[in-house]
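This report concerns only the one structure given below.
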Amino acid sequence: MEKFFKLKEHNVSFKSETLAALTSYFASVYILIVNASILSDSNVEVQPLIIATVLSSALGTILVAFFSNAPLIIMPAMGLNALFTYTMVNNLGLTFYEALGSVFISGILFLIIAVTPISKLLMEGIPDSIKESITIGIGLFITFLGLQKSGIVVADSSTLISLGNLKSPNVILFIIVMLLTIILFIRNVRGSFLISIIVGTIIASFMGIIDLKSLTYTMPDFKEYKNIFFSMDFSAINNLNFWISTFSLTLVLVFENLGILHAQVNVMLDKPEKTSKALKAVSISTIWCALLGSSPPVSVAEGTAGIADGGRTGFTAIICSLLFLISLFFIPFISIIPDEVLAPILIILGCLMSQSLRNINFHDLSEFLPSFLIIVLTPLTYSIVDGIGFGFIAYPICKICIKKGNEVSLPMYIASVAFFIYFIISAYIN
């Protein structure tokens with residue numbers, strides 16, 4: 001393991017990588033439950049979907065560890081599972097199994113892009129200001145998620161959102177854990193996020209927010225899982241809605257993963273040479289998700305917690321994948337971790353990712369305006385791909401307006417047109 005993952009070369013140890021893995025695991029483990037819950041709205045039982053999510057997460061994370069030697073966590077994406085369930089199945093009328101067939105074809109198209117010069121052209125053709133704004137936009141999106149989970153920000157019928165009830169026990173718990181997390185993180189305490197999760201969960205039990213006595217242990221039912229394992233259905237391949245689903249899914253997969261991988265690998269790890277390898281791993285994982293019975297994956301933003309906590313190699317990913325497999329038998333215990341305990345980590349991660357703001361050119365409006373659209377629309381539309389799409393479309397328009405259209409690369413023009421078509425299709429299917 002030492003030689004393969006080059007721990008000394010990355011200036012890390014077995015202990016530090018393990019701590020980082022634990023941090024990433026506890027920050028992202030809720031996805032195992034939430035993903036299954038969302039997919040169950042496709043008229044499939046939750047239990048086999050939990051198994052599918054666990055296996056997809058474990059396999060994808062192992063693949064990225066060996067492909068790129070990066071501490072990334074590959075899991076079914078929150079936005080993509082919603083696209084899968086509520087658009088492809090509930091709106092376009094595909095069955096769960098036909099939607100898995102669409103995921104499989106999208107994975108193949110994604111793999112073709114990842115293993116050919118197309119991915120490099122896309123990465124090199126996207127302006128630095130756009131790349132940086134994607135990082136910031138995702139950071140603000142993560143922060144917004146954290147604020148929602150904390151109860152500090154709540155829905156409001158008049159103003160859309162407003163300040164939550166500061167007297168609420170849940171908000172008080174968040175404030176306590178937030179202060180603890182900030183202190184530990186600023187003082188560079190190793191495993192600061194993990195410590196805050198454990199201590200916060202203990203505090204929550206004392207406050208009566210979680211009830212340890214209500215826990216009941218149940219074993220996963222693997223007999224039910226066989227109904228979705230390798231159960232893709234391609235009978236709708238001649239249906240227009242099948243290809244609308246496939247096109248939309250591929251578009252979102254490619255650009256969301258390019259954006260997230262740039263933020264995690266290029267910015268936080270400062271290892272741009274690992275981006276292409278990581279992209280290949282995610283594309284292969286997409287195919288496997290279809291085979292295993294789950295919606296497509298991304299390198300989840302929650303994995304950034306492990307990177308911020310010192311994770312630097314694929315050994316972090318290997319440990320995390322093993323924890324995913326083990327967690328299959330402990331889902332009831334994992335589910336007791338309150339959102340208010342996880343929220344401070346998401347907010348701090350968003351803060352770290354927003355530091356890229358200093359790299360954006362504020363003086364050139366043709367660069368700043370498209371970047372600004374990405375930054376604000378990513379959290380406000382509650383969609384990474386929609387935020388990216390508006391920025392991509394605006395960029396060539398701004399350049400053409402000031403007669404600098406020659407500064408826009410061909411891949412950027414193509415991507416802008418693709419996003420324009422994506423929004424038209426989205427309007428059509430909605």
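Heavy-atom basis, side chains included; hydrogens, waters and symmetry copies ignored. All residue numbers in this chain count up from 1 along the given sequence.
For S245, the side-chain contact (heavy atoms from CB on, under 4.5 Å) partners two or more places apart in sequence, or in a different chain, are M88, L92, L94, S102. For the side chain to side chain donor-acceptor pair (under 3.5 Å) test, no residue two or more places apart in sequence or in another chain qualifies with S150. S299 meets the side chain to side chain donor-acceptor pair (under 3.5 Å) test with Q264; sequence neighbours excluded. By the side-chain contact (heavy atoms from CB on, under 4.5 Å) test, A415 is found to be paired with F255, F392, residues two or more places apart in sequence or in another chain being considered.
Annotation: the span from L109 atom CG to F104 atom CZ amounts to 10.5 Å, rounded to 0.5 Å. Rounded to the nearest 0.5 angstrom, I73 CD1 and I31 CD1 are separated by 9.5 Å. Atom CD1 of I136 is separated from atom OG1 of T143 by 11.5 Å, given to the nearest 0.5 angstrom. Note that CZ of F324 is 12.5 Å distant from CD1 of I319, once rounded to the nearest 0.5 Å. Atom OG of S196 and atom CE of M178 lie 9.5 Å apart (nearest 0.5 Å). Atom CG of L380 sits about 7.5 Å away from atom CD1 of I161, to the nearest 0.5 Å.
Between the side chain of Y225 and the backbone N or O of L292 there is at least one donor-acceptor pair closer than 3.5 Å. Distance alone, capped at 3.5 Å, is enough to place a donor-acceptor pair between the E98 side chain and the T95 backbone. In this structure, the side chain of S42 engages the main chain of L39 through a donor-acceptor pair within 3.5 Å. Using modelled atom types, one side-chain atom of T250 and one backbone atom of T246 make a donor-acceptor pair closer than 3.5 Å. A donor-acceptor pair under 3.5 Å is absent between the side-chain atoms of D386 and the main chain of T381, judged by distance alone. At distances below 3.5 Å, not a single donor-acceptor pair connects side-chain atoms of T378 with backbone N or O atoms of I375. A donor-acceptor pair is defined here as one N or O able to donate and one able to accept, closer than 3.5 Å; such a pair exists between the side chain of S16 and the backbone of S13. S119 contributes no side-chain N or O that, together with a main-chain N or O of V115, makes up a donor-acceptor pair within less than 3.5 Å. In this structure, D309 contributes its side chain and A305 its backbone to no donor-acceptor pair below 3.5 Å. Judged by distance alone, with hydrogens and angles left aside, the side-chain atoms of S321 form a donor-acceptor pair with the main-chain N or O of I318 at under 3.5 Å.
Residues P297 and T286 meet the side-chain proximity criterion, which asks for heavy atoms closer than 4.5 Å. Two residues are said to be in side-chain contact when any heavy atoms from C-beta on lie closer than 4.5 Å; L249 and P296 meet this criterion. Residues D233 and L100 are not in side-chain contact: their nearest non-hydrogen atoms beyond the backbone lie 4.5 Å or more apart. The closest side-chain heavy-atom distance from I130 to P370 is below 4.5 Å. In this structure, the side chains of Y25 and L194 stay at 4.5 Å or more apart for every pair of heavy atoms. T201 has its side chain within reach of P338: a pair of non-hydrogen atoms, C-beta onward, lies under 4.5 Å apart. Counting heavy atoms from C-beta outward, I307 and L72 have side chains that approach closer than 4.5 Å. Looking at I287 and I284, their side chains never come closer than 4.5 Å, going by heavy atoms from C-beta outward.
Under the 6.0 Å cut-off for aromatic ring centres, F423 and F390 qualify, their centroids lying closer than that. Proximity of the aromatic rings of Y382 and F141 is defined here by a centroid distance below 6.0 angstrom, and this criterion is met. Less than 6.0 angstrom separates the ring centroid of F4 from the ring centroid of F66. For F84 and F96, the distance between ring centers is under 6.0 angstrom.
A donor atom on one side chain and an acceptor atom on the other are not found under 3.5 Å apart for E302 and S28. Checking T85 against D41 by side-chain atom types alone, no donor-acceptor pair falls below 3.5 Å. Remark: the Y86 side chain and the N91 side chain contain no N/O donor-acceptor pair separated by less than 3.5 Å. In summary, the side chains of T135 and K131 do not present any donor paired with an acceptor at a separation below 3.5 Å, with no hydrogens or angles considered.
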Could you go through residues 44-51 and list every donor-acceptor pair under 3.5 Å that involves a side-chain atom there, pairing it with any protein atom two or more places apart or in another chain?
none

Could you pull out all donor-acceptor pairs under 3.5 Å where a side-chain atom in residues 402-409 meets a protein atom, sequence neighbours excluded?
{"from": "E407", "atom 1": "OE1", "to": "K399", "atom 2": "NZ", "distance (Å)": "3.2"}
{"from": "S409", "atom 1": "OG", "to": "G125", "atom 2": "O", "distance (Å)": "2.8"}
{"from": "S409", "atom 1": "OG", "to": "M412", "atom 2": "N", "distance (Å)": "3.3"}

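The shortest heavy-atom contact between G311 and L269 is O-CD2, 3.8 Å. Between S283 and L111 the shortest heavy-atom distance is OG-CD1, 3.2 Å. What you find for P71 and T316 is that their closest heavy atoms are CB-CB, 3.7 Å. When all heavy atoms of K274 and S68 are compared, the pair lying nearest together is CD-O, 3.2 Å. Across all non-hydrogen atoms, the minimal contact from S56 to A52 is OG-O, 2.7 Å. Smallest separation of non-hydrogen atoms from P76 and S57: CD-OG, 3.5 Å.
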Would L7 and E17 count as a side-chain contact (heavy atoms from CB on, under 4.5 Å) if you check the C-alpha gap in whole Å, the side-chain angles of each, and the deciding distance to 0.1 Å? CA-CA 9 Å; L7 300 184; E17 292 291 278; 4.1 Å; yes
Set out, in order, the CA-CA distance, both residues' side-chain angles and the distance that settles side-chain contact (heavy atoms from CB on, under 4.5 Å) for V252 and F247, then state yes or no. CA-CA 9 Å; V252 176; F247 171 78; over 6 Å; no
Evaluate N35 against T53 for side chain to side chain donor-acceptor pair (under 3.5 Å), listing each step before the verdict. CA-CA 7 Å; N35 185 65; T53 305; 2.9 Å; yes
Run the numbers on F372 and I360 for side-chain contact (heavy atoms from CB on, under 4.5 Å), then give the verdict. CA-CA 10 Å; F372 178 75; I360 293 181; over 6 Å; no
Intermediate values then yes/no, side-chain contact (heavy atoms from CB on, under 4.5 Å), I74 and V300: CA-CA 6 Å; I74 310 301; V300 294; over 6 Å; no
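None of K271, K6, H10 except one satisfies the side-chain contact (heavy atoms from CB on, under 4.5 Å) rule with R312; the exception is H10.
Crowding of F222 atom CZ: a count of heavy atoms from other residues, nucleotides or ligands under 6.0 Å exceeding 12.
Remark: K149 is positioned above the aromatic ring of Y30, its terminal NZ or CZ atom under 6.0 angstrom from the ring centre and at most 45 degrees off the axis.
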